Trainee: 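Handing you a structure now.
Since we're looking at a predicted model, the values are computed, not measured.
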Amino acid sequence: MHRTLVIIKPDAMERRLAGEIIARLERRGLDIAAMRLLRLDEATARRHYAEHREKPFFDELVRFITSGPIIAAVFHGPKAVEVVRETMGATDPRKAEPGTIRADLGTDITHNLIHGSDSPATAEREIALFFPGEKP
């Protein structure tokens, strides 16, 4: 069993797509281990996106993820990281495979609805950031 962090971003929350996104992940055989509704503060957003700090879009990422409520969730199941990444689709919805969350529901590369950890190691770091002191 593997764990991964999923963030349902402000655009998905605004468009009332959280239930659809969660349902798609559950239909892929993943279970919810923890879930929290929150508004991300700037400091946590900057830590979360630290690997993009030197990129020109970093400030835009931080502004967007802090612009409204999000759902942070830990999903677990066999190959959870891979399953979430496949179900999300490519970062740019125009390049995502049909049937993925981003292809079906995303609007652009910034407003792409969902974040999923890109590796088991990243998942553990991100889970600790969003669920400090817990073992979901």
Trainee: Is a side-chain N or O of Thr87 found less than 3.5 angstrom from the main chain of Val83, in a donor-acceptor match?
Mentor: yes

Trainee: Measuring only between side-chain heavy atoms, which start at C-beta, is Val84 closer than 4.5 Å to Ser117?
Mentor: no

Trainee: I'd like to check the side chain to side chain donor-acceptor pair (under 3.5 Å) partners of Thr110; sequence neighbours left out, ordered by chain and number.
Mentor: Glu60

Trainee: Could you tell me which residues satisfy ring-ring contact (aromatic ring centres under 6.0 Å, His included) with Phe57, sequence neighbours excluded, listed by chain and number?
Mentor: His52

Trainee: When you look at Leu61 and Lys55, which way does the side chain to side chain contact (heavy atoms under 4.5 Å, CB included) test go after all the steps?
Mentor: CA-CA 10 Å; Leu61 275 177; Lys55 297 180 181 164; over 6 Å; no

Trainee: Which heavy atom of Pro10 sits nearest a heavy atom of Ser67, and at what distance?
Mentor: CB-OG, 3.7 Å

Trainee: Using side-chain heavy atoms (C-beta onward) and a distance below 4.5 Å, is Arg36 in contact with Ile71?
Mentor: no

Trainee: Identify, with sequence neighbours excluded, every residue that meets side chain to side chain contact (heavy atoms under 4.5 Å, CB included) alongside Ala12.
Mentor: Ile8, Leu17, Ile21, Leu113

Trainee: Got a list of side-chain donor-acceptor pairs under 3.5 Å for residues 97-106, not counting sequence neighbours?
Mentor:
{"from": "Thr100", "atom 1": "OG1", "to": "Glu97", "atom 2": "O", "distance (Å)": "2.7"}
{"from": "Thr100", "atom 1": "OG1", "to": "Ala103", "atom 2": "N", "distance (Å)": "3.3"}
{"from": "Arg102", "atom 1": "NE", "to": "Asn112", "atom 2": "O", "distance (Å)": "3.2"}
{"from": "Arg102", "atom 1": "NH1", "to": "Gly89", "atom 2": "O", "distance (Å)": "3.0"}
{"from": "Arg102", "atom 1": "NH2", "to": "Ile114", "atom 2": "O", "distance (Å)": "2.5"}
{"from": "Asp104", "atom 1": "OD1", "to": "Gly99", "atom 2": "N", "distance (Å)": "3.1"}
{"from": "Asp104", "atom 1": "OD2", "to": "Arg24", "atom 2": "NH1", "distance (Å)": "3.1"}
{"from": "Asp104", "atom 1": "OD2", "to": "Arg24", "atom 2": "NH2", "distance (Å)": "3.1"}

Trainee: When you look at Arg94 and Asp92, which way does the salt bridge (Lys or Arg N to Asp or Glu O under 4.0 Å) test go after all the steps?
Mentor: CA-CA 5 Å; Arg94 294 173 300 170; Asp92 185 344; 3.0 Å; yes

Trainee: Could you work out, with salt bridge (Lys or Arg N to Asp or Glu O under 4.0 Å) as the rule, every residue matching Glu26, not counting sequence neighbours?
Mentor: none

Trainee: Using the rule given for salt bridge (Lys or Arg N to Asp or Glu O under 4.0 Å), can you reason through Glu51 versus Arg125, listing the C-alpha separation, both sets of side-chain angles and the distance that settles it, and then say yes or no?
Mentor: CA-CA 12 Å; Glu51 70 271 13; Arg125 180 183 63 78; 3.8 Å; yes

Trainee: Which pairs, with at least one residue in residues 28-49 and sequence neighbours excluded, count as a ring pair (Phe, Tyr, Trp, His ring centres under 6.0 Å)?
Mentor: His48-His115, His48-Phe130

Trainee: Write down the atom of Pro132, the atom of Leu129, and the distance for their closest heavy-atom approach.
Mentor: CD-O, 3.7 Å

Trainee: Say whether Val6 and Val74 are linked into one hydrophobic cluster, either directly or through other cluster members, by side-chain heavy-atom distances under 4.5 angstrom.
Mentor: no

Trainee: Taking everything shown except Arg15 itself, do over 12 heavy atoms lie less than 6.0 Å from its CZ?
Mentor: yes

Trainee: With a sphere of 6.0 Å drawn around CZ of Arg27, does it hold more than 12 non-hydrogen atoms of other residues, nucleotides or ligands?
Mentor: yes

Trainee: Tell me every residue that passes side chain to side chain contact (heavy atoms under 4.5 Å, CB included) with Arg85, counting only those two or more places apart in sequence or in another chain.
Mentor: Val81, Met88, Asp118

Trainee: For Asp31, what residues pass the side chain to side chain donor-acceptor pair (under 3.5 Å) criterion, not counting sequence neighbours?
Mentor: none

Trainee: Among Asp59, Leu40, Asp41, whose side chain to side chain contact (heavy atoms under 4.5 Å, CB included) with Arg46 holds?
Mentor: Asp59

Trainee: Got a sec, which residues hit side chain to side chain donor-acceptor pair (under 3.5 Å) with Thr66, two or more places apart in sequence or on another chain?
Mentor: none

Trainee: Mind checking what makes side chain to side chain contact (heavy atoms under 4.5 Å, CB included) contact with Arg39, not counting sequence neighbours?
Mentor: none

Trainee: Any ion pair linking Arg28 and Glu86 (charged N to carboxylate O, less than 4.0 Å)?
Mentor: yes

Trainee: Restricting to non-hydrogen atoms, name the atom on Ala80 and the atom on Thr4 that form the minimum distance, rounded to 0.1 Å.
Mentor: O-CG2, 3.8 Å

Trainee: For the hydrophobic clusters of this structure (ILVMFWY residues joined by side-chain heavy atoms under 4.5 Å, transitively), does one cluster hold both Ile65 and Ile109?
Mentor: no

Trainee: Out of curiosity, does Ile7 fall in the hydrophobic cluster containing Met13 (side-chain heavy atoms, cut-off under 4.5 Å, transitive links)?
Mentor: no

Trainee: Report the residues that fulfil side chain to side chain donor-acceptor pair (under 3.5 Å) with Glu14, sequence neighbours left out, ordered by chain and then residue number.
Mentor: none

Trainee: What pairs meet the ring pair (Phe, Tyr, Trp, His ring centres under 6.0 Å) rule with one or both residues in residues 66-113, with sequence neighbours excluded?
Mentor: Phe64-His111

Trainee: State, with a plain yes or no, whether a side-chain heavy atom of Pro78 is found less than 4.5 Å away from one of His2.
Mentor: no

Trainee: Are the side chains of Leu37 and Ile70 in touch, meaning some heavy atoms are under 4.5 Å apart?
Mentor: no

